[in-house]
Visitor: 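Please read through the structure below; I'll follow up with questions.
Lettering follows sequence order; numbering is per chain, from 1. Quick note: numbers below take in every heavy atom, side chains included, and nothing from hydrogens, waters or symmetry partners.
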Amino acid sequence: MSNDTNHHTDKHSGDVNYLNFEKGFMSWWMSIDHKRIGLMYLVSMIFFFAIGGLLALVVRTELMKRGQTIIDNDTYNMAFTLHGVIMIFLFIVPGVPATLGNFLLPLMIGAKDVAFPRLNRLSYWVYVFGSFFAFLAIYFKLDTGWTFYSPYSLRNAPAVMSATMAAFVLGFASILTGVNFLVTIHKMRAPGLTWDRLPLFVWATYATALLQVIATPIIGITLLLLFLENAFGIGVFRPDVGGDPVLFQHLFWFYSHPVVYIMILPAMGIVSEIIPVFSRKPIFGYKAIVWASVGIAAISFLVWGHHMFVSGMSDFVRYLFSFLTFFVAVPTAVKVFNWVATIYKGSVEFTSPMLYAMAFVFLFMIAGTTGIHLATLATDAHYHDTYFVVAHFHYTIQGGAVIGLYAGLHFWFPKIFGRMYNEKFAKIAFCLLFIGFNGTFLPQFVLGMMGMPRRYADYSTFSNVDTFEYLHFISTCFSYINALGYSLVLVNLGYGAVKGVKATANPYNSLGLEWQTPSPPPHDNFETIPVVTDWSYGYGEEYSDHDHNGNKKVVAKPA
Amino acid sequence: MLDWILEIFDFMPVEASSWASRVDYINNVITVISVFCTVAITFVMILFAWKYRRKSENQKTAYITHNATLETIWTIIPTIICFVLFYFGYTVYHEMRNPPVGANEVFVKGQTWYWDFQYANGKKSTGELVVPVGEPVKLIMTSADVLHSFFIPAMRVKEDMYNGNYSYLWFTPTSSGTFDIFCTEYCGTQHSGMTAKLKVVSKEAYNDWLNEKKDPSAEPVLPEVTGKAIYTAKCAACHSLDGSKVVGPSFKGIYSGAKHVLQDGTEVVVDDNYIRNSIANPLSQIVAGYPPVMPAFQLSEDELIGVISYMKTLK
Amino acid sequence: MEHTTEWKRLGKGDLPTEDMDTGLGHIVPIDVYNKVFAALVVLTLATVWAATLEVSGTAHIIVAMFIALIKAALVYGCFMHLLFEKKIIWIIVTYPLFILALMILGTTGDASVKRESIPSNVEIEYKKGKGFGVNDEFLQAPDVKEDTAHSTH
Amino acid sequence: MSHHETLPAGHYHHLEPEQAYHSAKLAMWIFLATEIHLFGGAFCAFAFFRWRYFDDFNHYAGQLNWQLGALNTLVLLTSSWAMVRGVDAAQKGLNKLCGRWLIVTIILAFVFFGIKAIEYSTKLSHGIYPSTHIFWGLYYTMTGIHALHIAVGIGLIYWLYLLTKKERFSTVYYTPVEVIGLYWHLVDVIWIFLFPLLYLLGGVGAGAHH
């Protein structure tokens with residue numbers, strides 16, 4: 001990173017920046033500035049995250065005691081279905097790419113904006129338009145589970161039709177963002193920013209955009225077929241007229257496994273950005289992480305069958321998918337080793353982003369290793385559709401993607417708002433969140449081993465109901481702490497955004513290109529497009545005698 | 001020491017089928033590897049983080065960017081572990097998916113919110129699967145409407161079923177007793193009520209039970225008793241006895257002559273053919289304020305008489 | 001706020017960047033378009049003619065798909081200027097074929113290797129779904145009466 | 001190719017004209033790939049049921065009027081050819097000629113709609129609805145989505161026609177015409193695959209298997 005751009009004095013942070021150069025709702029709603037669109041995405045997603053979270057609390061409170069605790073079966077089915085639909089389609093799938101990706105991508109590659117700013121605004125409008133359909137699905141009492149498995153999803157036609165329309169429109173917004181990011185990364189990198197100098201968050205966003213563009217249209221056609229099935233009865237998924245529900249599951253999971261990588265890859269990108277900054281060491285194995293990211297994006301299309309091991313697929317295909325699923329674990333393992341190796345011999349500063357990043361590594365290891373229980377055929381026959389699976393994917397999505405999003409929000413907070421949040425308060429909220437999260441989902445692993453099936457409103461007819469009730473009670477109590485932790489973090493960030501102490505342009509003196517502009521950045525990101533001469537992880541290069549390509553340094557290092 | 005720990009953390013249900021111990025063994029192998037890796041890596045991470053915590057502002061950090069040998073090692077080892085674990089899983093699962101030829105067949109039909117079983121000699125039973133201990137049994141399963149999944153935690157088996165297709169699973173019960181059967185594929189309102197009992201009994205008891213229907217000489221069973229059995233198996237999931245609304249109206253005091261308003265506004269007093277009609281085709285006589293979700297049941301004549309006489313006993 | 005185009009795309013040298021975006025689209029002579037159009041029309045008639053041949057069902061599919069692929073290649077190559085595009089566009093055109101192959105292999109391939117569990121000789125009144133094919137390859141015991149219910153309709 | 005032409009204001013303001021052109025084409029090619037995936041999912045479902053109910057599909061395909069299908073294919077090919085001539089005219093900066101070719105394309109697209117309408121109405125009048133058999137369900141779905149794409153195409157080409165009226169295209173700037181041309185050719189290629197799969201399935205005339 002050439003040092004001459006660091007001479008930016010802070011004269012810019014006081015006056016005109018992207019937050020205050022225009023005022024009023026229309027200036028935000030009609031804005032084509034990628035930073036404003038990223039912020040609008042962030043606000044609407046936090047809103048949906050809150051709704052999803054409340055629904056989760058309703059589900060947990062119902063399961064606290066045996067029998068009917070607060071709501072009857074129908075409302076419980078609606079609650080867990082809408083919890084799934086809102087959390088996945090409205091919060092975590094647009095999740096990191098739409099908020100931090102939108103905000104940081106042009107900054108990190110030295111561009112003034114994404115390739116098609118108006119397409120970016122259109123994708124936000126399409127996202128908002130899609131969320132109206134989601135509210136429509138709530139009105140029509142959608143209770144089919146977020147997977148819409150037929151033939152049950154053919155029973156409540158209006159609800160499933162509005163939910164599929166919501167998912168279709170939100171998928172369209174996801175495709176538009178994906179296309180926008182791919183063209184931006186291909187065409188608008190700063191001069192000198194070659195593919196092997198690209199920051200790892202940009203690589204992660206690239207792999208995510210690839211997945212968004214390849215996988216989302218397939219859920220589009222699947223939901224369209226389901227929509228037409230409900231509307232005109234085309235018989236494709238109705239078994240009694242010759243259709244095949246397993247075909248729906250195949251097409252659905254062909255998208256829905258790559259989508260879990262759309263959720264987790266950006267979070268991994270964020271962690272790969274944070275750990276080097278706070279251990280003042282270059283990322284370990286940059287090329288390995290790049291290949292791991294793109295490799296996961298490729299392998300993710302081969303393994304969708306492990307969601308359907310007991311669904312009536314043929315035996316040979318079950319063996320094949322189990323074999324392929326094991327290879328998905330390898331790139332993730334490589335990444336985890338690289339992160340830990342990055343910390344080795346560094347100078348570690350325990351700020352809240354670093355705590356979140358290290359928590360991500362720990363939680364994602366639990367998520368990854370429990371995935372192996374579900375990939376092995378013999379144990380999956382027992383674990384499929386039990387609370388073991390619920391705990392596994394909550395560790396992956398909540399422990400992985402959401403903790404990654406929170407890590408990113410904390411790390412780039414000064415850049416987004418130009419202010420700092422209260423660090424001590426952030427650490428307290430982190431501890432609360434960490435305890436609450438683990439307390440909620442570790443008992444669910446045990447519930448899953450004991451055979452508690454998923455999506456059960458009531459477990460009073462089981463033989464060992466007392467142990468189930470005891471575990472559910474623990475999980476529910478910790479889920480309150482978990483919810484408290486999440487809301488405290490948001491309160492802290494919200495307060496910091498408005499009243500926090502003013503932040504300098506580069507508080508953690510990181511070498512990333514996005515930190516070289518004043519924070520919050522001006523409307524046009526950079527006055528003159530910076531020229532990139534080296535990769536952005538050169539921490540501690542001044543102490544060593546060779547640069548990252550391994551060749552000896554020619555110029556004598558200044559004393 | 002390892003066994004002692006595994007003993008504490010053994011949450012798996014009782015091992016009641018021939019392969020349950022092997023499945024648990026594989027599960028323990030994976031769990032041990034996972035816990036070891038997680039704890040080791042987390043410990044190393046925290047060790048590094050603490051050992052190299054920031055002491056001075058521009059503390060000297062090592063400029064390591066990659067190490068080819070280390071990286072290849074930690075790519076190959078997870079791949080090898082993957083191969084081994086896959087092979088473990090494959091061998092046991094291969095056995096799970098190939099039933100022996102002579103296994104006695106039982107037909108399972110999953111319908112919204114209860115299980116129907118039919119044995120080779122035509123004997124039917126609802127909500128209760130009786131199998132002899134030690135002999136392999138093959139379940140040939142289909143569903144009458146939506147997706148269901150037949151799950152016996154103690155036997156470590158699970159298989160989905162859908163209308164118009166037969167799926168199968170088999171197991172050899174090794175220890176007798178009563179085990180839970182769950183439906184694990186979401187199927188609607190009473191998905192959590194769709195449970196059944198698996199009774200593993202000795203060979204003789206199984207044969208007696210199987211041929212129970214065949215000998216007419218047994219003294220006639222009171223109709224209320226068969227009615228009660230049918231109620232617990234098929235109706236309890238949606239109709240309570242204590243007046244509370246589960247899905248359908250409660251049976252408490254159903255024959256008390258009270259007037260009921262139907263959905264289409266007509267008033268009706270509960271009598272024999274009202275019950276008979278609402279069992280045969282329920283959607284024509286749904287009581288106002290209740291969802292029209294009751295499926296039709298094909299009950300034989302004596303079962304109907306049984307249900308009606310049982311309802312008459314309800315106060 | 002008028003945007004001055006600060007953006008300068010620098011040349012190669014020390015600052016290697018990806019493909020150089022110089023020059024606009026390629027101009028194809030009009031008679032090439034007309035020839036390709038004629039070829040497409042001929043191929044359409046050829047497809048229809050091929051359908052009148054007395055061959056097995058699958059042969060029909062193979063021939064029809066082959067001709068359709070040629071027509072698609074013509075439209076892509078000439079009408080959409082794919083022949084004059086850079087490598088990245090070729091990658092974008094070809095990878096959906098792999099995804100389609102994966103999907104068709106996964107769904108139809110799975111159904112083709114599936115062994116249906118077959119009901120034994122007991123007369124059962126379970127309703128058989130229309131079009132539900134029962135093949136007896138799965139059954140090992142020779143003495144059980146075959147319950148034939150091949151693809152009905 | 002000097003840049004004497006001034007860029008219309010607010011148009012890819014931060015991209016150089018050549019870079020904007022290549023970015024737009026890259027974006028459209030990626031979008032076309034998503035369209036292929038969209039139709040690919042439908043083709044995959046079609047292939048699945050084609051394999052499972054081989055004879056039924058042959059039987060029902062016989063009830064389709066393959067002559068109208070062939071005619072429709074020729075109509076779409078001609079409109080694709082007209083579109084290419086339009087793009088060629090725009091590349092040469094001849095706005096008036098380009099406008100005329102675009103009008104020809106739109107007219108042919110409406111002819112296609114007309115033929116499709118005839119087909120649909122005859123089928124529906126014979127009591128063949130999407131719910132009669134899976135073949136018909138898939139037939140109506142795939143041709144319906146395709147017709148929707150044609151309608152969107154007509155709208156876009158009409159917008160282009162308005163731009164040629166305002167003499168907006170020049171030898172330096174004709175990106176929208178080429179990009180929408182790409183979209184139109186893809187819609188044509190989709191029909192090239194749809195026609196044999198749906199209409200000539202079990203063979204026609206002598207070669208048919210009913």
Side-chain angles (χ1 to χ4, degrees), chain A residues 73-74 145 149 151-152 239-240 245 280-282 284-285 288 310-312 315 319 322-323 326 329-330 333-334 336-337 340 343-349 358 361-362 365-366 369 372-373 376-379 381-382 384-385 446 449-451 453 455-458 461-463 540-541 543-544 548, chain B residues 11-13 23 26-27 30 34 37-38 41-42 44-45 48-49 52-54 59-66 71 74-75 78-79 82 85-86 88-90 92-93 96-97 146-147 149 151 153 156-160 162-165 167 180 182 184-193 195:
Chain A
N73 282 3
D74 276 335
Y149 272 2
Y152 183 72
D240 50 6
R280 304 310 296 169
K281 248 181 93 273
F284 185 90
V310 286
S311 73
D315 299 346
Y319 307 141
S322 169
F323 179 72
F326 275 102
V330 174
V334 163
V336 166
F337 295 136
V340 172
I343 300 175
Y344 175 64
K345 273 204 168 69
S347 119
V348 182
E349 187 188 2
M358 286 166 67
V361 172
F362 167 66
M365 256 193 298
I366 297 180
T369 42
I372 296 185
H373 292 85
T376 320
L377 282 165
T379 48
H382 178 62
H384 184 76
D385 264 342
V446 176
M449 290 170 103
M450 297 164 76
R455 296 171 171 167
Y456 260 38
D458 160 33
T461 59
F462 296 3
S463 45
E541 193 161 347
Y543 301 113
S544 82
H548 80 279
Chain B
F11 302 115
M12 295 291 257
V23 168
I26 294 172
N27 182 48
I30 299 173
S34 315
C37 291
T38 310
I41 295 173
T42 315
V44 164
M45 179 170 70
F48 284 166
Y52 302 105
R53 63 190 181 286
R54 179 161 301 180
Q59 185 178 337
K60 185 176 188 313
T61 58
Y63 191 75
I64 312 164
T65 56
H66 63 282
E71 288 182 51
W74 69 35
T75 313
T79 319
C82 289
L85 291 182
F86 165 72
F88 267 116
Y90 168 75
V92 176
Y93 195 71
M96 278 191 196
R97 291 308 297 165
V146 288
L147 290 183
S149 182
F151 174 40
R156 311 287 191 278
V157 278
K158 183 183 287 134
E159 193 61 36
D160 277 17
Y162 59 93
N163 188 336
N165 176 306
S167 45
D180 293 332
F182 301 134
T184 46
E185 190 56 63
Y186 176 68
C187 56
T189 319
Q190 275 299 331
H191 169 54
S192 38
T195 54

Visitor: Let me confirm one number: the CG-OG1 distance from N73(A) to T189(B), rounded to the nearest 0.5 Å.
Guide: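 Reported value, rounded in 0.5 Å steps: 7.0 Å.
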Visitor: Check the orientation of F182(B) and F462(A). Use parallel for under 30°, tilted for 30 to 60°, and perpendicular for over 60°.
Guide: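 The rings of F182(B) and F462(A) sit tilted, inter-plane angle from 30° to 60°.
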Visitor: Between F151(B) and G451(A), what is the shortest heavy-atom contact and its length?
Guide: CE2-O, 3.5 Å
Visitor: How many angstroms lie between CG in D74(A) and CD in Q190(B), if you round to the nearest 0.5 Å?
Guide: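 Interatomic distance, D74(A) CG to Q190(B) CD, rounded to 0.5 Å: 9.0 Å.
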Visitor: I'd like to verify something: which residue of G312(A), A333(A), G346(A) has the highest number of heavy-atom pairs under 4.5 Å with chain B?
Guide: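 If we count pairs closer than 4.5 Å to chain B, G346(A) comes out on top.
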Visitor: Just jot down the side-chain hydrogen bond (donor to acceptor under 3.5 Å, both in side chains) partners of H382(A), sequence neighbours excluded, or say none.
Guide: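 With sequence neighbours excluded, H382(A) shows a side-chain hydrogen bond (donor to acceptor under 3.5 Å, both in side chains) to no residue whatsoever.
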Visitor: Which bit of M96(B) comes within less than 4.5 Å of chain A, counting heavy atoms only: side chain, backbone, both or neither?
Guide: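 The side chain, not the backbone.
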Visitor: Any idea which heavy atoms bring I64(B) and P282(A) closest together, and the distance?
Guide: O-CG, 3.4 Å
Visitor: Would you give the length of the straight line joining atom CZ of F362(A) to atom CD1 of I41(B), rounded to the nearest 0.5 angstrom?
Guide: 11.5 Å
Visitor: Please report the C-alpha distance between D180(B) and S463(A) in whole Å, then the side-chain angles of each, then the deciding distance to 0.1 Å, and finally whether the side chain to side chain donor-acceptor pair (under 3.5 Å) criterion is met.
Guide: CA-CA 7 Å; D180(B) 293 332; S463(A) 45; 2.7 Å; yes
Visitor: Rounded to the nearest 0.5 Å, what separation is found between the CD atom of E185(B) and the CG atom of D385(A)?
Guide: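 Separation between the atoms: 5.0 Å.
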Visitor: Would you check if N163(B) and P151(A) make a side-chain contact, meaning some heavy-atom pair closer than 4.5 Å?
Guide: no
Visitor: Return the option, out of H373(A), M365(A), R455(A), with the maximum number of heavy-atom pairs under 4.5 Å with chain B.
Guide: H373(A)
Visitor: Could you state the interatomic distance from CD1 (I343(A)) to CZ (F48(B)), rounded to the nearest 0.5 Å?
Guide: 8.5 Å
Visitor: I'd like to know which of R53(B), R156(B), M45(B) tops the heavy-atom pair count under 4.5 Å against chain A.
Guide: M45(B)
Visitor: Hey, do the aromatic rings of Y152(A) and Y186(B) have their centres closer than 6.0 Å?
Guide: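 They qualify: ring centres under 6.0 Å apart.
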Visitor: Looking at every heavy atom in both T461(A) and S192(B), which two are closest together, and how far apart are they?
Guide: OG1-O, 4.3 Å
Visitor: With a 4.5 angstrom heavy-atom cut-off, could you sort out which part of A457(A) is near chain B: side chain, backbone, both or neither?
Guide: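 For A457(A), backbone and side chain are both near chain B.
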Visitor: Tell me every residue that passes side-chain hydrogen bond (donor to acceptor under 3.5 Å, both in side chains) with R54(B), counting only those two or more places apart in sequence or in another chain.
Guide: S347(A), E349(A)
Visitor: Does the ring center of Y90(B) lie less than 6.0 Å from the ring center of F323(A)?
Guide: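 So the answer is no for these two rings.
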Visitor: Do M449(A) and N27(B) pass the side chain to side chain contact (heavy atoms under 4.5 Å, CB included) test, and can you show the C-alpha distance, the side-chain angles, and the key distance before you say yes or no?
Guide: CA-CA 10 Å; M449(A) 290 170 103; N27(B) 182 48; 3.5 Å; yes
Visitor: Measure distances from T184(B) to the heavy atoms of chain A and classify the residue's part below 4.5 Å as side chain, backbone, both or neither.
Guide: both
Visitor: What residue in I26(B), V44(B), T38(B) has the most heavy-atom pairs under 4.5 Å with chain A?
Guide: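 If we count pairs closer than 4.5 Å to chain A, T38(B) comes out on top.
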Visitor: Looking at K158(B) and H384(A), would you say the former's side chain and the latter's main chain have a donor-acceptor pair under 3.5 Å?
Guide: yes
Visitor: What option among D160(B), T195(B), L85(B) has the most heavy-atom pairs under 4.5 Å with chain A?
Guide: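 Option with the top pair count is D160(B).
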Visitor: I'd like to know which of T376(A), D315(A), T379(A) tops the heavy-atom pair count under 4.5 Å against chain B.
Guide: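 The residue among T376(A), D315(A), T379(A) with the greatest pair count is D315(A).
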Visitor: Does any heavy atom of chain A fall under 4.5 Å from the side chain of V23(B), the backbone, both, or neither of them?
Guide: both
Visitor: Give, for atom CD of E71(B) and atom CZ of F337(A), the distance between the pair rounded to the nearest 0.5 Å.
Guide: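 If we round to the nearest 0.5 Å, E71(B):CD and F337(A):CZ are 11.5 Å apart.
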